[in-house]
Amino acid sequence: MIGAFLAEWVILRRRSLILSSFGPLLFFTFVGTVFAILGVDEPGGNRGPFGPTSGIEQLSSAGGLTLGLESSSTFIGLIILSVFAVNLAREYSNGTIRLLLVSEPRRARLLAGILLALGAFTAIAVVLAGILSIALSFAMAPGQGIPTGEWATSDGIFGAVATIGRTIAATLVWGLIGAMIVMVTKSSAAAIATGAGGLLIFPTMLRQVADGVTDRFPDAVLRAFLVGGNDALSGSTAALMTAAYGVLCLALLFTIFLRRDITD
Amino acid sequence: MTAESSAISVDNLTKHFGDFKAVEKLTFDIPQNGVVGFVGPNGAGKSTTIRMLLGLIKATSGTGSVLGHPINKPSAFTKKIGALIESPALYKGLTGADNLRLFTKLRGLNANVIDEVLNTVGLYDRRDDRVATYSLGMKQRLAIAISLLGEPELLILDEPTNGLDPAGIIEIRELLRKLGQNGKTVFVSSHLLSEIERLVEHVVLINDGRLVFSGQLDDLLLQASHIIRVRPENHEDISKLQKLLGHEDMEVEVSTDSILIDGNSTSSVEVDRIAHQSGIFLRELRIEKETLEDVFIRLTRKQVTQGDSN
């Protein structure tokens with residue numbers, strides 16, 4: 001498994017991949033944080049996929065430090081879904097999966113190593129996004145009259161670390177959803193289309209006609225988990241459902257990969 | 001030859017994809033050391049067989065072993081083998097050296113073997129160039145370099161000369177010959193029979209997923225027939241000579257500008273005599289031996305006929 005992890009890392013450390021994934025990820029974190037800080041004047045405002053804006057009371061609290069990161073989380077999730085999907089689908093479309101399996105025929109170890117490497121890549125990306133969001137929040141808050149005293153307390157710091165941890169976990173589930181769709185379809189395009197269309201746009205449309213139906217959809221569950229629970233789902237329910245989505249994706253991934261003939 | 005002493009041994013190996021029978025009750029053994037050809041036309045079942053040997057697809061029925069280990073436990077022999085399966089599957093965005101680095105890490109090998117295999121395949125000077133800039137021949141050589149990592153005892157190469165120009169084919173042929181002479185077993189599949197004929201000592205022929213022949217190439221070529229090719233000076237004499245030879249109960253076939261006669265039952269002297277007595281001057285009278293390709297076509301035709309009569 002360590003061999004598979006290190007081998008995948010040779011691919012992930014490519015400059016082009018780092019630029020094409022970290023670039024948009026940091027850009028959306030930047031935009032989400034700017035929207036969150038500037039939205040202080042109109043609390044409850046709708047910023048679309050970036051979520052509702054928060055008032056000064058919420059922003060100046062200990063948890064306000066990472067509101068920018070939280071509002072960017074859906075975009076971060078989609079980008080990581082794409083990274084998982086493109087990397088896994090490429091192994092099938094290039095035929096490199098054959099060579100990987102000839103070198104490491106223990107399929108479970110190979111897949112576990114690849115997923116661990118992608119997970120480490122995700123963790124680094126989210127930590128960088130968190131650092132950017134926190135730095136930007138500190139830089140912009142005084143200009144908007146947002147007190148930052150609570151942010152620098154131990155509650156603020158631990159809260160920020162916890163939010164980054166939850167963002168990593170939620171983003172990993174996004175990635176696993178992408179990997180699972182690729183494992184079924186062998187197509188990164190299908191995974192990204194399903195991720196963006198099926199998991200984001202479709203629930204948004206459904207919500208217009210039947211509110212509450214989509215509360216247990218992946219996007220809603222992961223959002224609820226990220227903020228430690230909301231009106232629709234308690235923190236513990238959201239955490240359980242997030243774990244359930246992750247386990248379900250992993251089970252499908254491994255089951256298909258262990259059983260499928262490699263004819264590509 | 002026992003399964004333990006064979007490099008590869010398969011017994012009634014079968015693979016069906018739904019109703020399609022890709023490989024049907026294939027049985028053969030190949031010895032250790034040297035270059036062994038695995039020959040058949042496109043779609044004969046070569047790649048499917050190789051994928052079963054490597055554990056990439058599961059056999060519908062039958063058994064097999066690689067270096068004495070069953071094919072359903074590929075982890076037992078994977079460190080002793082190297083493989084290239086169909087087109088060279090490489091990471092085009094990585095350099096040649098990084099492609100090799102990836103596989104050294106996966107196999108738990110020391111990175112200093114990279115330069116060694118790059119030298120063996122003659123790619124050392126291009127090691128830091130992205131694979132996307134390589135020619136097809138260079139990609140094939142890099143794929144072979146990957147298969148050479150870890151000093152494997154057995155190389156399984158599926159169509160390593162596919163898509164190469166004549167110079168590239170010669171280059172790969174020489175490389176495989178050298179590897180075979182250095183004590184490795186090279187199991188090389190190809191649909192280019194003329195290419196295999198120049199390279200191997202042992203050959204396995206398959207067609208439509210079934211075995212046609214397995215054994216020494218020399219034994220197979222001993223079965224090769226002789227053909228007498230006759231070309232009259234005047235093209236108009238072809239039909240006249242054909243009739244005359246036919247009257248003598250000779251097996252005759254007419255190609256564009258010559259007559260082909262089964263050389264196993266007729267002597268060239270007899271043909272020359274008949275032509276001479278009839279006042280037909282010959283531009284050419286030549287005895288040709290069947291090539292591997294001719295033998296293969298004849299054997300597969302026989303297999304089809306037998307299959308039809310069954």
Side-chain angles (χ1 to χ4, degrees), chain A residues 1-21 83 86-118 120-121 183 186 188 255-264, chain B residues 15-17 22 47-48 50-60 66 69 71-79 81-95 97-109 111 130-132 142-143 146-147 149-150 152 155-156 158:
Chain A
M1 190 168 70
I2 293 169
F5 174 88
L6 294 173
E8 183 66 18
W9 206 247
V10 174
I11 301 167
L12 293 174
R13 68 172 195 199
R14 266 185 311 154
R15 195 184 305 159
S16 59
L17 179 72
I18 290 172
L19 286 175
S20 63
S21 49
V83 171
V86 169
N87 269 275
L88 218 53
R90 188 206 42 229
E91 305 292 1
Y92 283 95
S93 58
N94 279 357
T96 40
I97 190 72
R98 304 188 297 248
L99 280 185
L100 292 177
L101 279 169
V102 169
S103 297
E104 176 50 279
R106 291 166 295 192
R107 295 187 180 198
R109 292 188 191 197
L110 178 68
L111 183 59
I114 291 173
L115 292 177
L116 269 181
L118 287 166
F121 185 87
M183 196 57 82
K186 298 183 193 173
S188 57
T255 304
I256 296 171
F257 191 61
L258 293 183
R259 288 168 179 265
R260 179 187 274 165
D261 279 345
I262 304 295
T263 52
D264 304 83
Chain B
K15 180 68 186 180
H16 294 175
F17 293 105
S47 295
T48 303
I50 285 178
R51 283 164 197 259
M52 283 191 277
L53 293 174
L54 296 170
L56 296 176
I57 58 179
K58 289 186 182 74
T60 305
V66 173
H69 302 283
I71 56 172
N72 58 3
K73 300 241 180 321
S75 55
F77 56 79
T78 192
K79 288 209 184 307
I81 66 160
L84 184 164
I85 309 144
E86 288 180 304
S87 55
L90 301 161
Y91 296 93
K92 297 179 187 79
L94 297 179
T95 65
D98 274 344
N99 267 275
L100 288 160
R101 187 164 292 117
L102 188 152
F103 287 99
T104 55
K105 290 190 184 299
L106 190 56
R107 286 175 160 244
L109 300 169
R130 285 173 67 230
V131 169
L142 182 62
I146 291 171
S147 72
L149 286 171
L155 283 173
I156 298 178
D158 190 8

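Throughout, a chain's letter reflects where its sequence line sits, starting with A, and its residues are numbered from 1.
Counting non-hydrogen atoms of other residues, nucleotides and ligands closer than 6.0 Å to CD1 of A:I2 gives a total of 12 or fewer. Around CZ of B:R101, the count of heavy atoms belonging to other residues, nucleotides or ligands within 6.0 Å exceeds 12.
The closest side-chain heavy-atom distance from B:Y91 to A:V10 is not below 4.5 Å. Side-chain contact check for A:L99 versus B:L106: every heavy-atom pair is 4.5 Å or farther apart.
Looking at B:I156, neither its backbone nor its side chain comes within 4.5 Å of chain A, counting heavy atoms on both sides. Interface residue A:T96: backbone and side-chain heavy atoms are both found under 4.5 Å from chain B. Of the atoms belonging to A:E91, it is side-chain heavy atoms, and not backbone ones, that fall under 4.5 Å from chain B. Heavy atoms of A:R260 lying under 4.5 Å from chain B belong exclusively to its backbone. Interface remark: A:R13 contributes side-chain atoms only to the contact with chain B (heavy atom separation under 4.5 Å). Only the side chain of A:R90 comes within less than 4.5 Å of a heavy atom in chain B; its backbone stays farther off. Contacts between A:R106 and chain B at a heavy-atom distance below 4.5 Å involve the side chain alone, from C-beta outward.
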Go through it in stages, so that I can follow the logic: the residues are A:L100 and B:L102, the test is side chain to side chain contact (heavy atoms under 4.5 Å, CB included), and I'd like the CA-CA distance, side-chain angles, deciding distance and then a yes or no. CA-CA 9 Å; A:L100 292 177; B:L102 188 152; 3.9 Å; yes

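Contact between A:R98 and B:I85 at its shortest, heavy atoms only, is NH2-O, 2.9 Å. Scanning all heavy atoms of the two residues, the minimum distance from B:K105 to A:A7 falls at CB-N, 4.0 Å. Annotation for B:G55 and A:R107: closest pair O-NH2, 3.3 Å, computed over non-hydrogen atoms.
Between chain B and the residues A:L17, A:L101, A:I11, the most heavy-atom pairs under 4.5 angstrom are made by A:I11.
Annotation: the span from A:E104 atom CD to B:K79 atom NZ amounts to 7.0 Å, rounded to 0.5 Å.
When each of B:R51, B:K58, B:K15 is tested with A:D261 by the rule salt bridge (charged side-chain N to carboxylate O under 4.0 Å, His left out), just one qualifies, namely B:K15.
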